[in-house]
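To find a chain, count down the sequence lines: A is the first, B the second, and so on, and within it residues start at 1. Just so it is clear, the model here is predicted, and its values are computed rather than measured.
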Protein chains: 2
Amino acid sequence: MGTRRGTNLPRMGDFNQSVILEGIRRSAAGLSRIELVDITGLSAQTVTNITRRLLDDGVIAEAGRTINGPGKPRVTLRLVAESRFSVGVHLDPALITVVLLNLAGQVVGRRVQPTADQDPQRVVATIAQTIDAVLDESGIDRGLVAGVGVAVPGPLDAEKGTVIDPPKLMGWHRVPLRSALAEATGLSVTIEKDTTAAAVGDLWTSRSKAGGSFVFIYLGTGIGSALVRDGEVVTGSSHNFGEIGHIMVDPDGPDCACGGRGCVEVMCTPRAIVEQAVAAGVFDGDGEASDGPHAEDMDSRLTRLCERASAGEAGAARVLRRSAGHFAVLISVLTNVLDVDRVVLGGPFWDRLSDVYLREIPGPLRLRNATRSVREIPVEGTVVGEDGGAVGAACVVLDAMLTPRASDLYLDD
Amino acid sequence: MGTRRGTNLPRMGDFNQSVILEGIRRSAAGLSRIELVDITGLSAQTVTNITRRLLDDGVIAEAGRTINGPGKPRVTLRLVAESRFSVGVHLDPALITVVLLNLAGQVVGRRVQPTADQDPQRVVATIAQTIDAVLDESGIDRGLVAGVGVAVPGPLDAEKGTVIDPPKLMGWHRVPLRSALAEATGLSVTIEKDTTAAAVGDLWTSRSKAGGSFVFIYLGTGIGSALVRDGEVVTGSSHNFGEIGHIMVDPDGPDCACGGRGCVEVMCTPRAIVEQAVAAGVFDGDGEASDGPHAEDMDSRLTRLCERASAGEAGAARVLRRSAGHFAVLISVLTNVLDVDRVVLGGPFWDRLSDVYLREIPGPLRLRNATRSVREIPVEGTVVGEDGGAVGAACVVLDAMLTPRASDLYLDD
């Protein structure tokens, strides 16, 4: 990039249209034109022109009139949720989740398939068939689908639309997922890191907390992060923002392949937490091989660990408290570098760990906060549920289409 | 922040004016109107209108005509460097540096004073007197000074304009530096973290490398960082972006007050490097007390260490190579999280360490780069010299005034 590009009237019009649509989208009850003038700062004439265009496109509709003292009654404008849709896919080593979202961000279709055979060609075929099945079931017009978002484990080559070397997906070296899936479905496809997608999902779904900045910590098979600033997700310059696997959290932890010791990858993943529980003897009486967790039982062992901790078993509780301490170190590194207002935790393993983590993380995080004399940094759980990756991926598509971005104002090179 | 605000014509005009001024500023030889149309994407009419306004304000001037085939000769427009000025102050525990910059970012005045007595009131008085002296010497009209930027050690309370607890400035608890200095000088004052200011200085001074994203590592009494994305510095939500003192870089390092071990603060500061050299016996034959470095000789000992390493002394070279390895770990944490295109190192201690660090950091950084299969991340030294903090602080003022920011397009709440 050289000098910043200028802007012009058509760009400004598109931007203001996004601003108005976002205002209406974020209001559950709808808004009148007068209210839109108030919240957007735009002139009444601009609001009238733009809302007329959105009404013509069928994206918003008039929804009743309010009489409020003398003068003309106010017409409420609301989003037509069923006017556009987007598909979200979460590609996980074990499961393929496909969801269909309407323009309001509501899930209106969903299917889950085991990834089973990991051969890339067959996985692409499975995803395409699952998308077809979800669209057929929903009975919607395919022409109303704005696109498909796919959440994948990073790193990825965003320019080429390829997944580079996802851990635990055998044979997935530089698979051109975007083009293959676009060809198989005939739809426009976007790929995004699972962590970034989950953060976009949280941003989109939490109406009340628009704006501000937060770091999102994703608890999946691996641990990743994402950043939202001023209501926009930060993807980084190569769409690989937030790789945190080799941040050291415990100098007494096990050696890591990177040459360090006690890194996030060997301390904070669900697998590592289960290993710490095994080492602490939590599963000793369970009458099964305790030679380290296998892929099949890692998930169920984590569940058992969390259940025992919440039932008051001291050993299990100690393992989770220690783990929360490691997360506090990780989170403090991120909040001190990124200078954000709050922390949001999510991802497939979050639900089970949330009780202990929400109780145990804030204390040590406060002590490690470089700006503690200026402000507290609250820690929260995500508002998106178990389908966070897939819902987030669908939101990436809606977000690209609907969220006003000042950078969209720049004229093209 | 709730819903994004819209934009309108006056905002657009201001933005495009900044874009044109930035284009002219970044071109050493000046630009014609046709060239401005080309690089900004704006219409010829818009460029003509805006350049007329800038000519009237005296910020740009016509500088000769080029005849280039048939048709009207092209008029070259260039910046009038002496049309506006800004003052930069670097408040360091040992030295107060004051510089005067013109609109082209050239240093046209400079004074350095020992901080000596650290009483806040007397320091403010010293800064104000030094600014007066620099302005008097320069003979410029005080009305042409756009403002004063002050680079201070973080953390700071940007809203209140206070410096919270700068290490090694005794008695500096929540000093309202901004208001006190504004009162003493009658000029508008901005305070910014020294690391952020230094990054803005690098961004402003390096004409050719506008745009892109880089992480800036500041080697001062403490080690800090800053981030530039798409040609704009990221200040974080409380202007405290980039606190990296407690990132662990060596699990076998000394204990840190934070509870960790081998943190940046106890491994990577100039003081820590000198301590490592003392422990390795580098100064053993120097006939002086080797009971750890004192404030007075830390600086000169670091110089001696670097001289001996470059003269080929094996022990000294080993200390610096090991230190470069620690920086490689730190930098990899930052580049993996932030997903930037390059790394820039600077700050008062950079010059002495640059030879060894530029040679030794890239190798281990490559191995730790999570996106190594997509791209390399080059490591460079800053283009700003020893006055980086003060020049950067002056650039913060020019930057706020002159750099087009899409976010400036939003209508006010």
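When the candidates A:Leu367, A:Leu42, A:Asn240 are compared by the number of heavy-atom contacts under 4.5 Å with chain B, A:Asn240 comes out ahead. Taking chain B as the reference chain and counting heavy-atom pairs below 4.5 Å, the highest number among A:Ile244, A:Val340, A:Leu338 is found for A:Leu338. In terms of non-hydrogen atom pairs under 4.5 Å with chain A, the most contact-rich of B:Thr335, B:Val329, B:Asp252, B:Asp157 is B:Asp252. Chosen from A:His239, A:His246, A:Lys160, A:Glu243, the residue pairing most often with chain B at heavy-atom distances under 4.5 Å is A:Glu243. Between chain A and the residues B:Cys258, B:Ser237, B:Gly236, the most heavy-atom pairs under 4.5 angstrom are made by B:Ser237. Options A:Thr371, A:Val374, A:Val337 differ in how many heavy-atom pairs under 4.5 Å they form with chain B, and the most are formed by A:Val337.
Of the atoms belonging to B:Leu156, it is backbone heavy atoms, and not side-chain ones, that fall under 4.5 Å from chain A. Only the side chain of B:Asn16 comes within contact range of chain A, with heavy atoms under 4.5 Å apart. The contact between B:Arg368 and chain A is made entirely by side chain atoms (from C-beta outward), counting heavy-atom distances below 4.5 Å.
A:Glu376 CD to A:Asp341 CG: the interatomic distance, rounded to the nearest 0.5 Å, is 13.0 Å. The OG1 atom of A:Thr51 sits 7.0 Å away from the CD1 atom of A:Ile24 when rounded to the nearest 0.5 Å.
A side-chain N or O of B:Ser43 and one of B:Thr46 form a donor-acceptor pair less than 3.5 Å apart. Remark: the B:Glu35 side chain and the B:Ser32 side chain contain an N/O donor-acceptor pair separated by less than 3.5 Å.
Residues A:Ser238 and B:Arg375 come closest through the heavy atom pair OG-NH2, 3.4 Å.
Checked options A:Val234, A:Thr235, A:Val233; the residue passing with A:Phe241 is A:Val234 (criterion: side-chain contact (heavy atoms from CB on, under 4.5 Å)).
For the pair A:Arg25 and A:Trp204, the cation sits on the ring face: its NZ or CZ lies under 6.0 Å from the ring centre, inside 45° of the axis.
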